[in-house]
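As the structure lists them, so they are numbered: ligands from 1, and atoms in each ligand from 1.
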Amino acid sequence: MQTKYLALPGPTSVDNEVLKEMASEVFNHRGKEFSKILANLTAKTQQFLNTKNELHYLTASGTGAMECAIVNSFSKGDKVLALINGAFGQRYADIAKSYGLDVIEFYGKWGQSFDYDKLKETVENINDLAGITVIQGETSTGVVNDLKKISEIKNDKTLLIVDGISSIGAENIDIDGWGIDVVITGSQKVLALPPGLAIICLSKKALEAYRQSDLPKYYWDIGKYKKFTEIGQTPYTPAISLIKAAEKQIEKIANQGMDSEVKRHETIANMVREGIKALGLELFNEKGCRSNVVTPIKPPEGIKVSQIRKLMLDKYKVEVAGGQGKLKESVFRIGHLGNVDPLFVISVLTALEMSLIELGHNVKLGTAVTAAQKALCNSK
Ligand SMILES: *Cc1c(COP(=O)(O)O)cnc(C)c1O
C-alpha cells in the first residue's frame with residue numbers, strides 16, 4: 001500500500017519491482033556483470049530517447065549534470081545566451097557565470113513562453129555566440145519552452161544546451177532532428193527512479209567543443225567517461241544499485257516508447273487542469289505552453305498556500321509542492337509525472353477539493369473529480 005501520495009515535481013514514486021532491484025547484493029563495478037548492465041542500459045536509454053548521440057550515466061543529481069554540460073561545452077570567455085523564464089533557467093545562467101563565461105541573460109515572463117521574435121533578433125545581434133542554455137520544462141512555472149523554435153533560431157556554430165530534467169519522457173523532443181547538442185535529465189522525475197542518477201547526451205558538435213574546452217573540470221571531464229565506456233565502465237564508482245534499478249525501469253519505458261509515454265502524461269495533465277478549473281481556481285502557466293508534468297495553481301482568495309499544503313498532507317497524506325523562488329507563497333504545484341495514473345489524479349484532486357472546502361472555499365463535493373473523469377473519457 002502506498003503510504004504517501006507524492007504529487008511533487010520530483011522526486012516521484014518508484015515501482016516496487018524497481019525498488020527491489022536496489023535491495024539486491026552490491027557487486028563489482030569493474031566486473032563483467034556491471035559492464036553488461038551498463039551497455040544494455042545505455043542502449044535502451046538511447047532507444048527511448050530516439051537518439052544516436054553519445055550518452056553517459058552520471059552519479060549526481062540533475063544540477064550536477066547541468067554543471068557537467070557547461071564545463072565540457074565551453075571555454076573561458078565564451079558568450080552564452082541564457083534563456084530565463086523561471087528558477088531553473090536562472091540556475092543555468094548562474095552555473096555558467098561561476099565558470100567565468102560571458103553570460104547574456106534573456107528574460108521571459110514567469111508562467112509564459114518566450115517572445116521568440118525578440119529572441120531571434122537578440123541572437124542575430126550577438127557575434128560569436130558559443131551557446132544557448134534553455135530549460136525545456138521549467139518546473140518552477142509549469143511552462144514548456146519550444147525547443148524546435150529555438151533550434152531554428154540559433155545558427156550552426158551555436159551549441160544548444162538543454163535541461164530536460166523534468167521533461168524528458170513527458171514532452172516531445174527530437175534530439176537528433178532538432179540538433180540539440182547537449183541534453184541532460186535526472187532520475188527522480190519522469191523516469192520514476194530514486195534520486196541520484198543523471199544522464200548527459202552529447203552531439204558530435206558538442207564533443208568537438210569539448211576538445212577545445214579549457215574550463216576547469218575533473219569529476220565532470222566527459223573525456224574520461226568516453227574512455228571508460230569503451231571498457232564497459234564508468235571512471236569512478238557509480239551508484240551501482242541505482243544503475244541496476246535504472247536498467248529495469250528504462251527497459252520498461254523504452255518498450256512503451258516515447259510517444260506513448262508523452263501521450264500518457266498529456267492525458268493525466270489534462271485531467272488535472274480540468275479538475276482545477278472546475279474548482280474555480282486559476283492556473284499560473286499560460287495556455288499554449290502548459291507542462292505535462294507539473295501544474296502551478298493560484299490559491300483562492302483568502303486561503304494560503306501553506307494552509308492547503310499542510311491540510312492535504314496531514315489529513316490525506318498527499319504531498320504537493322509550494323511555489324519556487326519568488327512564487328513561494330503565490331502558487332502551489334501539483335506534480336503528475338512518472339508512474340502516475342488516472343486514479344492517482346482522482347485521489348489528489350479529492351484531497352485538494354476536501355481541503356479547500358474545509359478551508360472555506362465554496363464548491364460542491366465531487367466537482368473536481370467529475371471534471372477530471374470527463375477529461376479522461378473525452379481523451380479516448
Ligand atoms: C529538478 C530540476 C533540476 C534540479 O535537479 P536536482 O536533481 O535537484 O539537482 C534542474 N532543472 C529542472 C528543470 C528540474 O526540474
Side-chain angles (χ1 to χ4, degrees), residues 6-14 49 56-71 82-98 108 110-111 113-114 132-147 150 160-173 175 180 182-201 219-220 238-239 242 245-246 249 265 269 284-285 289-296 319-328 331-338 340:
L6 276 186
L8 303 171
T12 59
S13 73
V14 180
L49 296 182
H56 298 285
Y57 270 84
L58 310 170
T59 294
S61 87
T63 307
M66 291 173 90
E67 183 156 345
C68 181
I70 297 291
V71 298
L83 311 194
I84 304 167
N85 57 351
F88 289 108
Q90 189 64 57
R91 185 175 299 181
Y92 242 153
D94 293 345
I95 294 170
K97 279 189 230 169
S98 74
W110 283 43
S113 63
F114 291 107
I132 295 178
T133 62
V134 62
I135 314 295
Q136 184 186 24
E138 183 43 89
T139 323
S140 62
T141 62
V143 164
V144 180
N145 293 314
D146 193 336
L147 296 182
I150 297 166
L160 183 55
I161 312 286
V162 171
D163 168 347
I165 294 177
S166 74
S167 57
I168 293 282
E171 313 283 354
N172 282 317
I173 188 165
I175 297 172
I180 295 169
V182 182
V183 59
I184 54 163
T185 193
S187 55
Q188 81 275 27
K189 311 252 168 132
V190 185
L191 301 182
L193 283 160
L197 287 179
I199 299 170
I200 187 163
C201 188
Y219 186 74
W220 293 136
L242 281 173
Q249 173 68 8
H265 281 90
F284 178 79
N285 49 356
C289 59
R290 284 181 182 149
S291 156
N292 285 339
V293 307
V294 59
T295 298
E319 200 151 17
V320 299
Q324 205 173 348
K326 63 183 181 191
L327 297 178
K328 197 168 181 351
V331 303
F332 62 99
R333 292 174 300 155
I334 296 179
H336 32 87
L337 57 160
V340 287

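Judged as a side-chain contact (heavy atoms from CB on, under 4.5 Å), and not counting sequence neighbours, the contacts of Ala245 are Val18, Glu21, Met22, Leu193. In this view, Ala60 and Trp220 satisfy the side-chain contact (heavy atoms from CB on, under 4.5 Å) rule, not counting sequence neighbours.
Pairing each heavy atom of Ala65 with each of Ile199, the nearest pair is CB-O, 4.4 Å. Nearest heavy atom pair, residue Leu8 against residue Ala321, reads CD2-N, 3.7 Å.
Using a 4.0 Å heavy-atom criterion, the residues that approach ligand 1 are Ser61, Gly62, Thr63, Met66, Phe88, Arg91, Ile135, Gly137, Thr139, Asp163, Ile165, Ser166, Gln188, Lys189.
Note on residues 85-96: pairs passing salt bridge (charged side-chain N to carboxylate O under 4.0 Å, His left out), not counting sequence neighbours, are Asp94-Lys97.
The backbone N or O of Thr139 sits less than 3.5 Å from a side-chain atom of Arg333, completing a donor-acceptor pair.
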